[in-house]
2 protein chains.
Amino acid sequence: MSKFQTSIPRGTRDFPPEVMIKRDYLFEILKSVFEKYSYLPLETPAFEMLSVLEGKGGDENEKLMFRILNSGDFLQPLAQSYNPENLFKNGYTEFSSLIAEKGLRYDLTIPFARFVAMNHATLSFPFKRYQIQPVWRADRPQKGRYREFYQCDIDVAGSKSLFYEAEILVVIRNVFEMLNIKQVTTFINHRKILLGVTQALGMENKFFEITDIIDKMNKIGMEKTLNELSTIGMTQENISTITGMFSIFGSFAEKLLTLINLFPDNKNISEAVSDLNMLYNYAKAMGIEENEFQIDFTLARGLGYYTGVVMETKIKEDAISICGGGRYDDLTGVFGLTGVSGVGISFGAERIYDILEEKKLFPETDKSKVSVLIASMDSQGEIAGVRLLAELRKKQIRAVILPGESKLKKQLAYADKNNILFVLILGPDELANNSFTLKNMTTGEQKIVGSLEEVYTNISNNPDNLKQ
Amino acid sequence: MSKFQTSIPRGTRDFPPEVMIKRDYLFEILKSVFEKYSYLPLETPAFEMLSVLEGKGGDENEKLMFRILNSGDFLQPLAQSYNPENLFKNGYTEFSSLIAEKGLRYDLTIPFARFVAMNHATLSFPFKRYQIQPVWRADRPQKGRYREFYQCDIDVAGSKSLFYEAEILVVIRNVFEMLNIKQVTTFINHRKILLGVTQALGMENKFFEITDIIDKMNKIGMEKTLNELSTIGMTQENISTITGMFSIFGSFAEKLLTLINLFPDNKNISEAVSDLNMLYNYAKAMGIEENEFQIDFTLARGLGYYTGVVMETKIKEDAISICGGGRYDDLTGVFGLTGVSGVGISFGAERIYDILEEKKLFPETDKSKVSVLIASMDSQGEIAGVRLLAELRKKQIRAVILPGESKLKKQLAYADKNNILFVLILGPDELANNSFTLKNMTTGEQKIVGSLEEVYTNISNNPDNLKQ
């Protein structure tokens, strides 16, 4: 391979046909379910103004952003005002702000919020959209983590109703039912529960430190978590309160009841419990089962932006997160449009793809499968073959020909390599007799057929062929 | 709008749902036809190494390329070696090569060639792929020309056979048949014809100047063209030879015959004529009609890279170009893999979209159409409504509810604005009587129905509803 002066950028991938066909299968299912629940498609540009991308998010995301050099002579506007001596002195952040005003999107939520803010006058709220597009992050590439990857998001803007959290549960169920992925559970928490607990412990000022530690509990275990909590100054008493809270068990309703008994006077906790009760009632009304969703007080992801319900979907057996989402009370506020609540979930396409692959859940039907190769031995046979090709394709039979190839052996080898079911041979004898030789590549059987109709019957009688 | 500090980058667009639904319709047809002819899907990353993008193309494309700043502290690797005094002295091209190693793709051919070169050992040739992805060009935005736009390409790598040029004609026919766009003609020329003519006139060294002028003829007219040709030193005698060639008329075969009689001894011209005869025979064998393709000796687009047949598809009545393509004798040579011929065509998605819009050819069926809005007046009705919603959706009826909205008037207004066919009212009376009021939003008719079955019958009997 070293002969080629070519490579693709780190953390990016080509998707060859055999992968694309599977990805299309996955995306088509996502789209069909999203549309069933009246989410509408939206696409936004690959890059946005940095002022938009940097509006939310903060340092972490800014670091991961790919910036685009201004077009043309990007130095020219600086020529009068910029002192080159500052180049290394003032650092790359200042300089990049002078030569790059656009960046590749790193998620689909910011562009969605920007779209809603810009178009709110003409949109009908609640506005439900889905968006399946790549995003880019200059993250360190590793197994399962790429610099270019697709996000598949649904979001609702313009309603505070917990109905939509429940509807999201229905969408999740439907998607994984259709993908044949079983034992999927969505874990649910509420920002105000964690906030209320830190308030009750008198540690509200350490909200993010505490929730960051709790967020890691699944990875580091309970003991280390409690240890870390004491490191940041939590008293033993508070730690046992927290431990008590983490140990609450029972059904969805029981957990909420126990929680409210533990913290009876906290406004945030009662609001959260009221929200979660609403969500529960809506979910039940829509037929969601108890095993599909459960409270997890340790779920603390995305609290930098989520303001209400937080959700994470996992497959039971391996605890891999496959969806994540939540509610933003003020989705579009950063763009000057206040009072628009948003809630949404993002399906992790790359992970779901890997799971489908691992569990062999991709359908065997291969829409790329060619049924017939028309083989010829000379230019006369080739032109006759091209005519046949057109006829077969008219009958919706997927056929190909290898023009310019006169060796039968090579043509058979091609059919073999590409899993083509039949080879239709048009040699000089066949041409002279107005017939075809039809070779079944699976059985090796070979027979002479007298008409195109007969060819057609043979091919369409093959069960493998009906899968198309 | 000035209230919002938001905008999208010049030359880019959001695609709101009503546009996305139409774009999906177009892309689905393209995909289905491409797949029918055994072209397989491929996707490549949004950005490539600049060494790849700059391999072909030359100045024009390089100027239009969006470059991506290296991640992290892009200045740090320069700190030791770069003298800031050179910043303005040596110019932006040198400096950008130091701080940007990646660029957004500006077409789909270069990434395809790079993919084939990198994966040739495992691919089965001829390799036929389609690719529908956005590309980016820092062009001056204007009506119909964007900085982000989709290309829809099919290409075949690894066969020199003119069969594929003919197959492309079949694909073009099929696409426009399915889109219901009529009177489509593909104009065909061959690089070697234009090369042969300049040789015959003793002006081969001015090949590009001459063909650039010829390329503009459709815009500037014959007179100005001939005038420009004389400006670059073409003699009156040569100009009349050229004029004679442009005036050749007749069928495909007649044009070629006249041409070969005009230039009987030129090797390039005879090769081109032989190629075009092959193409003609293949096209005929596949059932292509005379009015679908014709020779145009003035077609001179893309001669910087095409080496054989050049094609351009237009709609007769308005002469708008909607497809363009041709053959590259050495598709992958720049990446070190020689001997791979390629041929392909690119469908101009944006233009085709505009034509479908202008001619009102998008289907009326609107898969976003919601059939039923469930309206409730209180929280009890709402929960009952949510249950109903789940039932209707199970029956594949597209239904929505407006949770948290108790005013019937507002709910009816929403149904009206969103073209929802029925409103199913669940007021206190209806709840008490175990019935529903069903309002037909088109006729205004309102009736009480006693069961969900009856609701279902009413809705599914509505012809508008069957379009879903």
Side-chain angles (χ1 to χ4, degrees), chain A residues 3-4 6-9 12 14-17 20 35 38 40-47 49 52 66-69 71 73-75 79 84-85 87-88 92 96 100 102 114-115 117-118 124 138 148 161 163 281-282 285-287 335-336 367-368 370 383 386-387 390 398 400 403-404 417-418, chain B residues 3-4 6-9 12 14-17 20 35 38 40-47 49 52 66-69 71 73-75 79 84-85 87-88 92 96 100 102 114-115 117-118 124 138 148 161 163 281-282 285-287 335-336 367-368 370 383 386-387 390 398 400 403-404 417-418:
Chain A
K3 161 178 179 206
F4 300 107
T6 46
S7 62
I8 56 173
T12 69
D14 289 319
F15 299 116
M20 276 301 292
E35 285 171 5
S38 302
L40 297 173
L42 176 75
E43 280 191 11
T44 62
F47 46 75
M49 305 310 290
V52 167
F66 284 108
R67 286 172 169 72
I68 295 173
L69 265 181
S71 311
D73 184 352
F74 57 89
L75 291 176
E85 279 175 29
L87 188 62
F88 298 113
Y92 76 103
S96 94
K102 296 181 289 290
R114 194 263 310 141
F115 174 83
M118 280 178 74
S124 181
E148 173 179 71
S161 175
F163 164 78
N281 290 337
Y282 281 125
M286 282 193 275
F335 301 120
K367 64 178 175 172
S368 74
V370 171
I383 282 287
V386 168
R387 268 189 216 106
R398 225 177 276 270
V400 294
K417 184 173 178 193
N418 290 279
Chain B
K3 161 178 179 205
F4 299 108
T6 46
S7 61
I8 56 172
T12 69
D14 289 319
F15 298 117
M20 277 301 292
E35 285 171 4
S38 301
L40 297 173
L42 175 75
E43 281 191 10
T44 62
F47 46 75
M49 305 310 289
V52 166
F66 284 108
R67 287 173 169 73
I68 295 173
L69 265 180
S71 310
D73 185 352
F74 57 90
L75 291 176
E85 279 174 28
L87 188 62
F88 298 113
Y92 76 102
S96 94
K102 296 183 288 290
R114 193 263 310 142
F115 175 84
M118 281 178 72
S124 181
E148 172 179 72
S161 174
F163 164 78
N281 291 336
Y282 281 125
M286 281 192 276
F335 302 119
K367 64 179 175 172
S368 74
V370 170
I383 281 287
V386 168
R387 268 190 216 106
R398 225 177 275 270
V400 294
K417 184 175 178 192
N418 291 279

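Convention: sequence-line order gives letters A, B, ...; per-chain numbering from 1.
- A pairwise comparison of heavy atoms in A:Asp14 and B:Arg114 identifies OD2-NH1, 2.6 Å as the closest pair.
- Of all the listed residues (A:Ser161, A:Ser96, A:Ala285, A:Ala46), the one sharing the greatest number of non-hydrogen pairs under 4.5 Å with chain B is A:Ala285.
- Note on B:Thr12, B:Thr44, B:Val386: by heavy-atom pairs under 4.5 Å with chain A, the leading option is B:Val386.
- For the pair A:Arg67 and B:Phe74, the minimum side-chain heavy-atom distance is 4.5 Å or more.
- If you tally non-hydrogen atom pairs under 4.5 Å between each of A:Ala100, A:Ser71, A:Gly287 and chain B, the highest count goes to A:Ser71.
- If you measure heavy-atom distances from A:Ala390 to chain B, the contacts under 4.5 Å come from the side chain alone.
- Rounding to the nearest 0.5 Å gives a distance of 12.0 Å between OG1 of A:Thr6 and CZ of B:Phe115.
- Contact of B:Glu43 with chain A is made through backbone and side chain together, with heavy-atom distances under 4.5 Å.
- With a threshold of 4.5 angstrom between heavy atoms, A:Ala79 approaches chain B through its backbone and through its side chain.
- Only the side chain of B:Asn418 comes within contact range of chain A, with heavy atoms under 4.5 Å apart.
- The two atoms that bring A:Val52 and B:Ser7 nearest to each other are CG2-O, 3.9 Å, heavy atoms only.
- For the residue pair B:Val370 and A:Ser38, the shortest heavy atom distance occurs at CG2-OG, 3.6 Å.
- Side chains of B:Glu85 and A:Pro84 form no contact here, defined as non-hydrogen atoms less than 4.5 Å apart.
- Pairing each heavy atom of B:Leu75 with each of A:Tyr92, the nearest pair is CD1-CA, 3.7 Å.
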